[in-house]
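Proteins come first, then strands; the chains are lettered A, B, ... in the order of their sequence lines, and each starts at number 1.
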Number of protein chains: 2
Amino acid sequence: MILEKKKTFNNFAASKGLRSTRQRDIILDYFLATRQHVSVEELYLKIKSAHPGIGSATVYRTLKLFVEAGLAREVLLHDGQTRYEHVMAGEHHDHLVCTGCNAIIEFENETIEHLQDEIAARHGFLIRNHKLEIYGLCANCRG
Amino acid sequence: MILEKKKTFNNFAASKGLRSTRQRDIILDYFLATRQHVSVEELYLKIKSAHPGIGSATVYRTLKLFVEAGLAREVLLHDGQTRYEHVMAGEHHDHLVCTGCNAIIEFENETIEHLQDEIAARHGFLIRNHKLEIYGLCANCRG
DNA sequence: AAGCAATTGAAAATGAATATCAAAAGCAGG
DNA sequence: CCTGCTTTTGATATTCATTTTCAATTGCTT
């Protein structure tokens with residue numbers, strides 16, 4: 001599915017007349033290799049250790065392209081940094097965020113998705129994406 | 001219910017050993033008088049026109065107190081500003097956010113709330129609050 | 001009224017994100 | 001493989017929301 005995503009990005013780039021560059025390839029590789037919710041800074045530091053030449057501005061710019069291309073999604077947690085997560089085809093996961101230890105538990109619930117569709121339809125609203133975050137204390141932290 | 005909220009804040013202040021100040025009273029009045037999703041800047045400007053002495057740092061500080069006191073909730077939209085909305089006892093509304101015109105439509109759905117409780121229970125998670133935002137185009141903007 | 005700690009306002013500091021711009025790199029067409 | 005044109009990049013400066021700092025003020029207790 002990594003090839004799949006690279007193809008998606010290439011198609012997007014082609015359709016927008018964007019050029020294919022070494023940096024974008026590298027950043028995409030690193031982004032695809034991460035797990036959930038990388039901040040730009042985190043991704044930048046990882047990349048920098050292997051590719052010192054790449055600047056953080058490029059990482060910022062490129063992640064925004066990934067969002068446009070439909071590969072990534074912005075996640076705003078409460079730590080003052082914009083984070084990015086993968087957009088999986090079809091599937092959509094939401095988050096339980098522990099305010100004690102910052103653990104993030106992902107879950108999926110079809111019924112909730114359906115209800116959202118209904119609500120949107122009722123308002124003539126066309127859904128592009130959504131975000132559901134539940135804040136509280138995880139099993140460990142509720143002590 | 002405004003008196004209710006003032007009392008809630010006073011109780012909180014008392015329990016934390018916080019002092020009662022003119023500024024906090026004023027800021028609370030203005031916050032309670034706002035409708036949904038005030039940014040700190042917006043609230044500060046409103047207050048400043050009638051009370052020029054009050055500084056923005058105090059508004060920032062005080063809104064965080066309201067969150068601690070359970071009166072307010074942070075809402076992170078995608079405009080780079082932290083916004084605050086009222087916490088209504090029991091009820092919880094979520095948002096349809098139009099990426100075309102930035103309109104925000106609020107809705108409530110009991111079933112979704114229930115499902116969230118179930119999911120949390122399944123993970124031994126204790127819910128403090130949650131946030132559901134659906135992004136897309138409103139009826140006007142989907143043209 | 002006096003003393004002490006919390007609070008405030010102004011200004012400086014921080015920090016994420018964006019804009020600027022000259023140099024470098026991609027992509028034609030010849 | 002050059003040439004010329006445009007996009008992209010990296011470094012730096014800039015912006016802007018938020019936080020911190022700190023001296024002065026204020027609230028509270030005795």
Practice prompt. Return the nearest nucleotide to the side chain of Ala57(B); candidates are dA16(C), dA11(C), dT8(D).
Written response: dA11(C)
Practice prompt. Answer yes or no: does a side-chain N or O of Thr82(A) lie under 4.0 Å from OP1 or OP2 of dA17(C)?
Written response: yes
Worksheet item: When the ring centroid of Tyr84(B) is compared with that of Phe66(B), is the distance short of 6.0 Å?
Response: no
Discussion item. Quick check on dA17(C): is either OP1 or OP2 less than 4.0 Å from any side-chain nitrogen or oxygen of Lys64(A)?
Written reply: no
Discussion item. Looking at every non-hydrogen atom in both residues, tell me the closest pair between Ala50(B) and Tyr30(B) and how far apart they are.
Written reply: CB-OH, 3.2 Å
Discussion item. Looking at Asp25(A) and Lys6(A), is any side-chain nitrogen of the basic one under 4.0 Å from a carboxylate oxygen of the acidic one?
Written reply: no
Discussion item. Can you measure Arg22(B) atom CZ to dG9(C) atom C1' for me and round it to whole angstrom units?
Written reply: 12 Å
Worksheet item: Hey, is the side chain of Tyr60(B) poking within less than 4.0 Å of OP1 or OP2 on dT19(D), counting only N and O atoms?
Response: no
Item to complete: Output the single nucleotide from dT18(D), dC28(D), dT9(D) whose closest atom is nearest the side chain of Arg24(A).
Response: dT9(D)
Item to complete: With heavy atoms under 4.0 Å as the rule, sort Ser56(A) into base, sugar-phosphate or nothing.
Response: nothing
Worksheet item: Whole Å only: how far is the CD1 atom of Ile26(A) from the P atom of dA25(C)?
Response: 13 Å
Worksheet item: Hey, does the side chain of Lys16(B) come within less than 4.0 Å of dA6(C)'s phosphate (OP1/OP2), counting only N and O?
Response: no
Worksheet item: Within the structure shown, what part of the strands sits under 4.0 Å from Lys48(B) by heavy-atom distance: base, sugar-phosphate, or nothing?
Response: nothing
Practice prompt. Output the single nucleotide from dC28(D), dG10(D), dT19(D) whose closest atom is nearest the side chain of Thr58(A).
Written response: dG10(D)
Discussion item. Below the 4.0 Å mark, does dA6(C) have OP1 or OP2 next to a side-chain nitrogen or oxygen of Thr21(B)?
Written reply: no
Item to complete: Nearest whole angstrom, please: distance from the C1' of dC16(D) to the CD of Glu42(B).
Response: 15 Å
Discussion item. Please report the distance, rounded to the nearest Å, between CZ in Arg61(A) and P in dA11(D).
Written reply: 11 Å
Worksheet item: How many Å lie between CG on Asp25(B) and P on dT7(C), as a whole number?
Response: 13 Å
Discussion item. What is the distance, to the nearest angstrom, from the OH atom on Tyr44(B) to the P atom on dA17(D)?
Written reply: 13 Å
Worksheet entry | Protein-nucleotide distance (Leu18(B), atom CG; dA6(C), atom C1'), rounded to Å | 9 Å
Worksheet item: So, is Gln23(A) close to the dA25(C) phosphate, meaning a side-chain N or O under 4.0 Å from OP1 or OP2?
Response: no
Item to complete: Indicate, with a heavy-atom threshold strictly under 4.0 Å, whether Gly17(A) touches base, sugar-phosphate, or nothing.
Response: nothing
Fill in: Ile104(B) side, atom CD1; Cys138(B) side, atom SG - distance, nearest 0.5 Å
11.5 Å
Practice prompt. Answer yes when Glu42(B) and Arg83(B) have at least one side-chain N-carboxylate O distance shorter than 4.0 Å, and no when they do not.
Written response: yes
Worksheet entry | Ile54(A) CD1 to dT8(D) P, straight-line distance once rounded to whole Å | 15 Å
Worksheet item: Do you know the tightest heavy-atom contact between Ile54(B) and Tyr44(B)?
Response: O-CE1, 3.3 Å
Item to complete: Would you indicate what Ser39(B) reaches in the nucleic acid, counting non-hydrogen atoms under 4.0 angstrom: base, sugar-phosphate, or nothing?
Response: nothing
Worksheet item: Do the side chain of Arg19(B) and the base of dA5(C) come within less than 3.5 angstrom through a donor-acceptor pair of N or O atoms?
Response: yes
